[in-house]
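Worksheet for the structure shown next.
All ligand and atom numbering here is 1-based and tracks the order in the structure.
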Amino acid sequence: MTVMITGGAGFIGSHICVELIQAGRKVVIFDNFCNSHPEVINRIRRITGTAPDAVRGDVRDVQALISALSAHGCSSVIHLAGLKSVADSVSNPAEYYDCNVVGTLRLSQAMQQTGVRNIVFSSSATVYGEPDVLPLREDHKLAPFSPYGRTKMLAEELLGDMAHSQSPLNVAILRYFNPVGCHESGLIGEDPNGIPNNLMPHISRVAIGQLPVLNIYGNDYPTSDGTGIRDYVHVVDLAAGHIAALDCVDRQRVLKVNLGTGQGTSVLELVDAYTRASGKMIPITFAPRRLGDIASYYASAELAADVLGWHAKRGIAEMCRDAWNWQRKNPNGYLDQ
Ligand code: NAD
Ligand code: UFG
């Protein structure tokens with residue numbers, strides 16, 4: 001039976017496609033390519049020997065979803081399609097609610113109409129907001145402070161309601177911490193448009209010489225070295241977490257699980273690890289704190305180990321090695337065909 005991957009052409013989705021194909025599963029990508037490049041399909045074929053089926057469509061289009069779910073005989077959906085920039089969500093909240101919340105609603109309706117019951121959803125650690133206590137457990141209160149975070153929280157609630165409806169869905173909600181790195185082949189990876197907002201792709205662009213310097217936002221946080229601490233998780237480990245979730249999604253109605261390593265790493269520690277992995281100098285400068293940033297957060301990874309039997313295997317050194325491998329082999333991302 002086929003797994004539909006909405007947003008499957010994107011950074012995380014493409015890695016999930018590879019893991020699923022290599023595990024012998026059939027996949028169909030459903031993506032409008034608003035933030036991805038069709039070349040990714042070719043790259044997935046080069047890694048796995050199989051070109052995934054792909055449908056160009058928007059998750060707000062119920063009829064297109066119904067056709068694709070039926071035509072491909074789908075039994076499950078992994079739902080990643082969405083917009084993900086915190087800053088953009090502040091400027092264009094309507095677009096974010098429409099794509100992330102209405103898109104999730106339309107997808108649930110299409111699943112109910114086609115009898116597809118299982119859904120694994122991409123949520124984010126950003127739903128927790130400022131931590132009361134660390135590590136962040138799944139039962140921590142939810143208080144996101146950006147429109148983006150609120151769209152993820154609302155989509156979680158919507159799916160929870162669908163799980164208890166007359167035509168119930170089986171729901172696994174995965175709260176990602178900070179996904180970085182890429183497939184070790186260097187054929188697929190993170191390819192942001194313009195100047196990257198996130199730390200790892202920004203470091204990569206500095207290392208390759210496309211950007212002059214890394215601005216470190218804040219060195220006066222109450223952390224070991226004053227810079228922000230996050231739980232970086234290798235995207236290939238993250239992808240494996242989705243296969244584990246698919247395998248147990250029908251065992252309980254709603255599962256909510258963190259996908260993180262349980263380890264915090266500071267900005268300076270990540271820069272140091274990247275310097276060692278690439279052999280490149282990464283010029284840095286300290287800049288004021290970024291609005292809305294939290295000093296420190298990392299996951300409790302216990303529930304993922306208990307219910308999914310999943311834990312992250314790769315450390316910071318591998319994350320930096322693979323991010324650099326992708327960057328040096330594809331200095332212009334997927335435009336380097
Ligand atoms: P991405 O932008 O690389 O991938 C998202 C994909 O969805 C893209 O291919 C895009 O074209 C597609 N898409 C967007 N809107 C669509 C629509 N309306 N219809 C069909 N396709 C659409 O992002 P990513 O980093 O791979 O993230 C995937 C998911 O994981 C997102 O939902 C994101 O919010 C979530 N997430 C990401 C991170 C992160 O740091 N990357 C962290 C937590 C959660
Ligand atoms: N940082 C810098 N310089 C940069 C970029 C980031 O110093 O150029 C710092 C930030 O201040 C923060 C850390 O690096 O301390 C990580 O920042 P990222 O932008 O890489 O990641 P965030 O934790 O802010 O957010 C990311 C995604 C969110 C997602 C969240 C999940 O952008 O969408 O992880 O934990 F919700």
Return the option from Tyr148, Phe11, Phe177 holding the heavy atom at the smallest distance from atom 35 (C) of ligand 1. Tyr148

Please examine the side chains of His164 and Arg253, heavy atoms only from C-beta on, and report whether any two atoms are closer than 4.5 Å. yes

For atom 15 (N) of ligand 1, what is the nearest protein heavy atom, given as residue, atom name and distance? Cys99 SG, 3.4 Å

Checking a contact table here: which protein heavy atom is nearest atom 24 (P) of ligand 1, and how many Å away? Lys84 NZ, 3.7 Å

Do Tyr274 and Trp324 have side chains that approach each other closer than 4.5 Å (heavy atoms only, starting at C-beta)? yes

Ligand 1 atoms in contact with Cys34 (distance to a heavy atom under 4.0 Å): 10 (C), 11 (O), 13 (N), 14 (C), 15 (N)

Asp132: which residues meet the salt bridge (charged side-chain N to carboxylate O under 4.0 Å, His left out) condition with it, sequence neighbours left out? Lys141

May I ask you to check if Arg289 and Tyr221 form a cation-pi contact, with NZ or CZ under 6.0 angstrom from the six-membered ring centre and within 45° of the axis? yes

Check if Asp58 has a non-hydrogen atom at a distance under 4.0 Å from any atom of ligand 1. yes

Under 4.0 Å to a heavy atom of Gly57 - the qualifying atoms of ligand 1, by number: 19 (N), 20 (C)

With atoms numbered from 1 as shown, which atoms in ligand 1 lie under 4.0 angstrom from a non-hydrogen atom of Pro179? 39 (C), 40 (O), 42 (C)

Given Val59, Leu238, Asp31, Asp98, identify the one with the heavy atom nearest to atom 19 (N) of ligand 1. Val59

Side-chain contact test, heavy atoms from C-beta onward, threshold under 4.5 Å: evaluate it for Ile78 versus Phe121 and give yes or no. no

Applying a heavy-atom distance cut-off of 4.0 Å, which protein residues contact ligand 2? Lys84, Ser124, Ala125, Thr126, Tyr148, Tyr176, Phe177, Asn178, Asn197, Asn198, Leu199, His202, Leu214, Asn215, Ile216, Tyr217, Gly228, Arg230, Tyr232, Val267, Arg290, Asp293, Tyr297

Is there side-chain contact between Glu19 and His242, with heavy atoms separated by less than 4.5 Å? no

When you measure from atom 2 (O) of ligand 1 to every protein heavy atom, which one gives the shortest distance, and what is it? Asn35 ND2, 2.7 Å

Could you walk me through whether Ser165 and Gln112 pass the side chain to side chain donor-acceptor pair (under 3.5 Å) test, one step at a time? CA-CA 10 Å; Ser165 67; Gln112 287 179 317; 3.2 Å; yes

Test item: Thr261 and Tyr232 side chains (from C-beta on) under 4.5 Å apart, heavy atoms: no

Give a yes or no on this: more than 12 heavy atoms of other residues, nucleotides or ligands lie within 6.0 Å of atom CG of Asp306. yes

Please report which non-hydrogen protein atom sits nearest to atom 28 (C) of ligand 1, along with the residue it belongs to and the distance in Å to one decimal place. Leu80 O, 3.7 Å

Against Thr104, only a single residue in His79, Glu156, Gln109 fulfils side-chain hydrogen bond (donor to acceptor under 3.5 Å, both in side chains); can you say which? His79

Indicate yes or no: at least one non-hydrogen side-chain atom of Asn178 is less than 4.5 angstrom from one of Thr265. no

Working for side chain to side chain donor-acceptor pair (under 3.5 Å), residues Arg150 and Tyr96: CA-CA 10 Å; Arg150 284 188 283 277; Tyr96 276 68; over 6 Å; no

Are any non-hydrogen side-chain atoms of Leu69 and Met4 less than 4.5 angstrom apart? yes

Closest protein heavy atom to atom 5 (C) of ligand 1, given as residue, atom name and distance to 0.1 Å: Gly82 O, 4.0 Å

Option whose closest heavy atom lies nearest to atom 26 (O) of ligand 1, chosen from Thr126, Leu83, Thr151, Ile12: Ile12

Which one of Leu270, Thr285, Leu199 satisfies the side-chain contact (heavy atoms from CB on, under 4.5 Å) criterion with Leu214? Leu199

Checking a contact table here: which protein heavy atom is nearest atom 22 (C) of ligand 1, and how many Å away? Asn32 OD1, 3.1 Å

Side chain or backbone, does Gly10 bring an N or O within less than 3.5 Å of an N or O on ligand 1? yes

Could you tell me whether Glu39 and Arg43 have a side-chain N and a carboxylate O separated by less than 4.0 Å? yes

Subset of ligand 1 atoms that lie under 4.0 Å from at least one heavy atom of Phe33: 11 (O)

If you have a sec, work out which protein heavy atom is nearest atom 30 (O) of ligand 1 and how many Å separate them, to one decimal? Tyr176 CE1, 3.4 Å

Mind checking whether Ser124 has an N or O less than 3.5 Å away from an N or O of ligand 1? no

Would you indicate which of Ser122, Ser36, Ser123 comes nearest to atom 44 (C) of ligand 1 when only heavy atoms are counted? Ser123

Could a heavy atom of Lys152 be found less than 4.0 Å from some atom of ligand 1? yes

